[in-house]
There are 2 protein chains.
Amino acid sequence: MRRSERKREVPDLGILSSRTLFSVQKELFSRLSETGHSQVRPRHGAVLAYLDVEGSRASDLAAQSGQHKQVIGTLVDELVALGYVERQPDPADRRAKLIVPTELGRDHMVKSDAILVEMEAEHARAVGEEAYAEFKRVFQLVAERQTRTK
Amino acid sequence: MRRSERKREVPDLGILSSRTLFSVQKELFSRLSETGHSQVRPRHGAVLAYLDVEGSRASDLAAQSGQHKQVIGTLVDELVALGYVERQPDPADRRAKLIVPTELGRDHMVKSDAILVEMEAEHARAVGEEAYAEFKRVFQLVAERQTRTK
DNA sequence: CGCATTTAGTCACTAATTTTGACCGTCACT
DNA sequence: AGTGACGGTCAAAATTAGTGACTAAATGCG
């Protein structure tokens with residue numbers, strides 16, 4: 001059997017992750033753009049995906065998303081311009097600034113969380129609720145292990 | 001519970017895929033560079049991951065990797081310069097060219113396949129062989145479903 | 001306290017990557 | 001022969017990623 005064929009029939013962990021990631025992103029942002037968030041692109045996910053309603057620090061977002069803090073900086077600039085977040089001084093640390101979602105930003109967060117939940121619910125329905133729950137459980141373990149041993 | 005905390009404890013499918021993809025890539029290419037393939041970067045994976053020993057067409061690689069064919073073109077240029085692949089005319093279609101791995105390219109392919117297998121074997125050992133096999137089975141279904149409904 | 005070190009964030013710059021549109025030659029079908 | 005689709009490349013624009021240096025504030029320590 002050809003290698004390309006084998007990769008198609010028995011994809012490795014990297015291929016599965018990559019295919020899943022990019023098609024999840026594609027569906028998510030295409031559906032978000034239908035609900036009024038057409039200006040936000042996947043890369044803004046590094047901020048919006050981890051943002052707290054109470055506000056988050058840029059360096060926390062950098063750590064969680066795995067991006068450099070300079071990247072977070074420009075993403076926040078763009079999201080400020082689009083009206084999704086605001087920069088506020090952090091009362092606990094005068095060096096830091098809190099990135100706080102606006103009403104629009106909170107709407108985006110709520111909707112994208114809901115779309116993700118819905119997408120996963122459809123998969124669960126298709127493969128079986130129990131099988132999907134077990135899949136998520138093991139996936140989380142694998143992701144943690146893999147991240148650690150990098 | 002804060003949203004960022006919840007995302008950490010119960011990551012969604014996109015977050016899990018992204019974390020897994022990037023740490024798999026990081027480990028794979030760092031180990032490859034220790035075995036003499038230090039010039040090859042993750043993005044070349046779009047070509048090398050799906051390449052057949054018999055040679056593959058650029059447009060097949062584009063379709064399988066999800067990249068534009070222009071991207072495949074530049075990746076192939078770089079891999080040719082590095083001595084990993086050659087362009088040969090496709091006997092079956094005079095428009096097309098076959099991307100064929102050289103000896104060096106085949107070595108890369110064999111080694112990266114082996115490293116991936118090894119990495120997965122370690123996960124399987126940690127979470128249980130059976131659980132891991134079931135995880136892979138469901139992951140493949142989910143990836144297929146997700147790719148289809150994009 | 002006073003000094004060195006670390007941390008949060010930004011600025012400015014450079015390199016790399018992705019995306020677009022047009023283009024040529026070949027194929028498949030009529 | 002004529003037409004539309006396909007395989008691949010070129011060139012340019014737009015987006016994204018990576019570096020080094022810098023300010024201000026917090027932290028640690030003698």
Side-chain angles (χ1 to χ4, degrees), chain A residues 4 18 21-23 25-26 29-30 33 38-52 54-82 85-100, chain B residues 4 18 21-23 25-26 29-30 38-52 54-82 85-100 150:
Chain A
S4 62
S18 130
L21 171 60
F22 294 120
S23 54
Q25 266 188 357
K26 189 165 177 179
F29 283 86
S30 119
S33 91
S38 57
Q39 305 277 4
V40 182
R41 274 158 305 118
R43 78 184 297 255
H44 296 126
V47 170
L48 293 171
Y50 301 98
L51 198 57
D52 281 317
E54 303 84 4
S56 305
R57 289 194 188 174
S59 45
D60 288 340
L61 296 175
Q64 287 181 71
S65 66
Q67 300 281 324
H68 292 195
K69 54 182 184 172
Q70 292 88 335
V71 174
I72 300 294
T74 52
L75 292 177
V76 170
D77 286 344
E78 293 176 16
L79 289 171
V80 167
L82 292 171
V85 303
E86 289 171 356
R87 271 185 248 250
Q88 291 176 8
D90 185 342
D93 186 337
R94 277 193 295 157
R95 292 170 305 178
K97 287 168 192 166
L98 285 181
I99 318 298
V100 183
Chain B
S4 62
S18 133
L21 172 60
F22 294 119
S23 55
Q25 268 187 356
K26 191 165 176 179
F29 284 86
S30 119
S38 57
Q39 306 276 4
V40 182
R41 274 159 307 119
R43 71 188 304 254
H44 296 125
V47 170
L48 292 171
Y50 302 97
L51 198 56
D52 281 317
E54 303 84 4
S56 306
R57 289 194 189 173
S59 46
D60 289 339
L61 296 175
Q64 287 181 69
S65 66
Q67 299 281 324
H68 291 196
K69 52 185 185 172
Q70 292 88 336
V71 174
I72 300 296
T74 53
L75 292 177
V76 170
D77 286 345
E78 293 176 17
L79 289 171
V80 168
L82 291 172
V85 302
E86 290 173 355
R87 271 186 248 251
Q88 291 177 7
D90 184 342
D93 186 337
R94 277 192 294 157
R95 291 171 304 179
K97 288 167 191 167
L98 285 180
I99 318 298
V100 184
K150 81 166 83 164

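Chain letters run A, B, ... following the sequence lines, proteins first, then strands; residues in each count from 1.
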Notebook entry, point to check: Rounded to the nearest Å, what distance is computed from the NE2 atom of residue His68(B) to the P atom of nucleotide dT20(C)?
Noted result: 6 Å
Notebook entry, point to check: So, is Ser59(B) near the phosphate of dG8(D), with a side-chain N or O under 4.0 Å from OP1 or OP2?
Noted result: yes
Checklist line | Closest-nucleotide 5' rank along DNA chain D - winner of Asp93(A) and Arg95(B) | finding: Arg95(B)
Check: Do Ile72(B) and Ser65(B) come within less than 4.5 Å of each other through their side chains, counting heavy atoms only?
Finding: yes
Next item on the list: Let me know the distance between CG of Asp77(B) and C1' of dA16(C), rounded to the nearest Å.
Entry: 15 Å
Next item on the list: Rounded off to whole Å, could you give me the CD1-to-P distance for the Ile72(B) and dC6(D) pair?
Entry: 18 Å
Item checked: Nearest-Å distance for atom pair CD/P, residues Gln25(A) and dT16(D) -> 11 Å
Next item on the list: Given side-chain contact (heavy atoms from CB on, under 4.5 Å), test Tyr50(A) with Ile99(A) step by step and report yes or no.
Entry: CA-CA 11 Å; Tyr50(A) 301 98; Ile99(A) 318 298; over 6 Å; no
Notebook entry, point to check: Taking only side-chain nitrogens and oxygens of Arg41(A), does any of them come within less than 4.0 Å of OP1 or OP2 of dT15(D)?
Noted result: no
Check: In terms of side-chain heavy atoms of Gln67(A), which of dT19(C), dT10(C), dA17(D) is nearest?
Finding: dA17(D)
Check: Quick one: which of dG9(C), dA17(D), dT18(C) gets closest to the side chain of Lys97(A)?
Finding: dG9(C)
Checklist line | From CA spacing to verdict: side-chain contact (heavy atoms from CB on, under 4.5 Å), Arg43(B), Val71(B) | finding: CA-CA 10 Å; Arg43(B) 71 188 304 254; Val71(B) 174; 3.9 Å; yes
Next item on the list: Give a yes/no on whether any side-chain N or O of Arg94(A) is located under 4.0 angstrom from OP1 or OP2 of dA26(D).
Entry: yes
Next item on the list: Please report, rounded to the nearest Å, how far the C1' atom of dT16(D) is from the CZ atom of Arg43(B).
Entry: 12 Å
Note to self: Rounded to whole Å, how long is the line connecting atom CZ of Arg57(A) with atom P of dA26(D)?
What the structure shows: 10 Å
Note to self: Is there a side-chain contact between Asp93(A) and Arg57(A) in this structure, where contact means two heavy atoms from C-beta onward sitting under 4.5 Å apart?
What the structure shows: yes
Check: Which comes earlier along DNA chain C counting from the 5' end, the contact point of Glu78(B) or that of Ala96(A), where each point is its nearest nucleotide?
Finding: Ala96(A)
Notebook entry, point to check: Could you state the CG-C1' distance from Asp60(A) to dG9(C), rounded to the nearest angstrom?
Noted result: 13 Å
Notebook entry, point to check: In whole angstrom, what separates Leu75(A)'s CG from dA17(D)'s P?
Noted result: 8 Å
Margin query: Looking at the base of dG8(D), is there any donor atom on it, or on the side chain of Lys69(B), that sits under 3.5 Å from an acceptor on the other one?
Written below: yes
Notebook entry, point to check: Does Leu98(B) or Gln70(A) map to a spot on DNA chain D nearer the 5' end, using the closest nucleotide for each?
Noted result: Leu98(B)
Next item on the list: Please determine if a side-chain N or O atom of Arg87(A) lies less than 4.0 Å away from the OP1 or OP2 oxygen of dT10(C).
Entry: yes
Check: Side chains of Pro91(B) and Leu98(B): closer than 4.5 Å at any heavy-atom pair?
Finding: yes
